Amino acid sequence: MLSGKTVLIGITGGIAAYKICELIRMFKRHNANVRVICTPNAMNFVTKLTLQNLSQNEVGIEEFEIPDFKPEHISYADEADIMLIAPATANTIGKIANGICDNLLTSIVCAFKKPVVIAPAMNCNMWENPIVQENIQKLRSTGYEIIEPESGFLACGYNGTGRLADLNKIFDKTVEIINSKKKLTGKKIVITAGGTIEDIDPVRYISNYSSGKMGLALADEAFQQGAETVLITTKDIVRPYKIIKVKSADEMKQAVEADFGGADCVIMAAAVADYRVKNKAEQKIKKTDSDSLTLELIKNPDILKELCTKKTTQKVVGFCAESENLIENAQEKIRKKGCDYLIANDISRKDIGFASDYNEVVIFNKNGGQKRIERAPKNIIARKILEEIYE
Ligand code: CTP
């Protein structure tokens, strides 16, 4: 099941550390390569020799033993497919949540760009401490997978929540994440991003404040999950997948239509201008003696709506930027446009949406269902949107 995969297990200083010996065996039984790193405190509960024998690999503890040309924390991070920290103490959780890198384990997590699973274990009063809960919340919303501790009789003599989750649960979740990484393989996903630019004359234009970050986050996530990804954007971006740079709504329409046929899903995250200037001036418009200037605007094509009339097997997803009555307007919009999903966000809020790295959305589906995704970084929102579309 795990041949060719490397699981990096980080052990911190809690009594549940002894249980990780069995967890290492479980991964080894499924042919994973297991690398183990420990915080210095973990060595009070398990021995290096035991962990080395079970994992059949060197165990890392100190940060400045450098046997290679690369610093150790970077080598470990590059090699592993997933990192699992179990048990995770309140101390290590606090450090990770605050970007502290004072030992090998915390330095590796900070440099780790692949999935990280954290299984906390501690005294129940520590677990309930609002500061610990705030750190857990911070980690969760940054994309770390938290496997909550269970309640029962704790090693410290208390009865409450804090016991390391069942080893089978930790194992199953880790395997599920390793195997789910590429769940969009074979699917072509076309995503649009950024605000379109409608020329007035050679030096002036009409546009909007869209940063293109949400569409980019969706494209990055689709690519990471194995999709053949096409990003049609008004922004200058370099990525390892296909990028088509466009300017106006008309150009965006042509680009989307060219890739629509073979697509499995089209996500219109772009902020498309509803109108463009009717007669774009060939030369710069000169200031005149008059106190006003009138520009006549004509309607742009509604790309999303037109796709919905043409679609066969494709899933078509729209976005909906609203500054008031979000729910009512979104319900009306999904009906009018005829798309499969509509992702609604409130652009009147300063802490999410346009230009922000965060978003909070409500996903509507064509059957009338709706699901709120609480405020989180745009990459997490992107993952949840794709999960909802492909669940
Ligand atoms: N959209 C589109 N073509 C347009 C305008 C919008 O494809 N000419 C798409 C957007 O990419 C988005 C969805 O339609 O996925 C909704 O965009 P939004 O600006 O919220 O709605 P509009 O249809 O423009 O309606 P209004 O501006 O009146 O809210």
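Side-chain atoms are counted along with the backbone in the values below, which use heavy atoms only and exclude waters and symmetry mates. Treat the numbers as computed from the prediction; the structure is a model and nothing was measured. Atoms within each ligand, like the ligands themselves, are counted from 1 in listed order.
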Less than 4.0 angstrom from a charged side-chain N to a carboxylate O is my criterion; do [X] and [Y] meet it?
X	Y	result
D199	R276	no
K173	E176	yes
K187	E228	no
D340	K366	yes
E387	K384	no

- Item | Any protein heavy atom nearer than 4.0 Å to atom 19 (O) of ligand 1 |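 Under 4.0 Å from atom 19 (O) of ligand 1, zero protein heavy atoms found.
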- Item | atom 3 (N) of ligand 1: the protein heavy-atom neighbour that sits closest, reported with distance to 0.1 Å |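 For atom 3 (N) of ligand 1, the nearest protein heavy atom is I303 N, 3.1 Å.
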- Would you mind checking which non-hydrogen protein atom is closest to atom 8 (N) of ligand 1, with the distance to 0.1 Å?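 Among all protein heavy atoms, the one nearest atom 8 (N) of ligand 1 is P301 O, 2.9 Å.
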- Heavy-atom contacts under 4.0 Å between A271 and ligand 1: side chain, backbone, both, or neither?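 Neither part.
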Tell me whether [X] has any N or O atom under 3.5 angstrom from an N or O of ligand 1.
X	result
F319	yes
L304	yes
A270	yes
C320	no
A321	yes
D274	yes

- Message: Quiz question: by atom type and distance under 3.5 Å, do the side chains of N57 and N33 form a donor-acceptor pair?
- Response: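 N33 and N57 do have a side-chain donor-acceptor pair below 3.5 Å.
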- Message: Can a donor-acceptor pair be found, under 3.5 Å and without considering hydrogens, that links the side chain of E360 to the backbone of I373?
- Response: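 Not confirmed, E360 side chain does not pair with I373 backbone.
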- Out of K337, K305, K333, E332, who gets a non-hydrogen atom closest to atom 21 (O) of ligand 1?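 Minimum heavy-atom distance to atom 21 (O) of ligand 1 goes to K333.
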- Query: For G318 and C339, which heavy atoms make the closest approach, and how far apart are they?
  - Reply: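 Looking at all heavy atoms of both residues, the closest pair is N-SG, 4.1 Å.
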- Counting only heavy atoms not in I285, do more than 12 fall under 6.0 Å of its CD1?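 Counting other residues, nucleotides and ligands, CD1 of I285 exceeds 12 neighbours.
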- Item | For M268, the ligand 1 atoms whose distance to one of its heavy atoms is below 4.0 Å |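 Going through ligand 1 atom by atom, the ones under 4.0 Å from M268 are 7 (O), 11 (O), 12 (C), 15 (O).
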- Query: What atoms of ligand 1 come within less than 4.0 Å of a heavy atom belonging to G318?
  - Reply: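 By the 4.0 Å cutoff, the relevant atoms are 15 (O).
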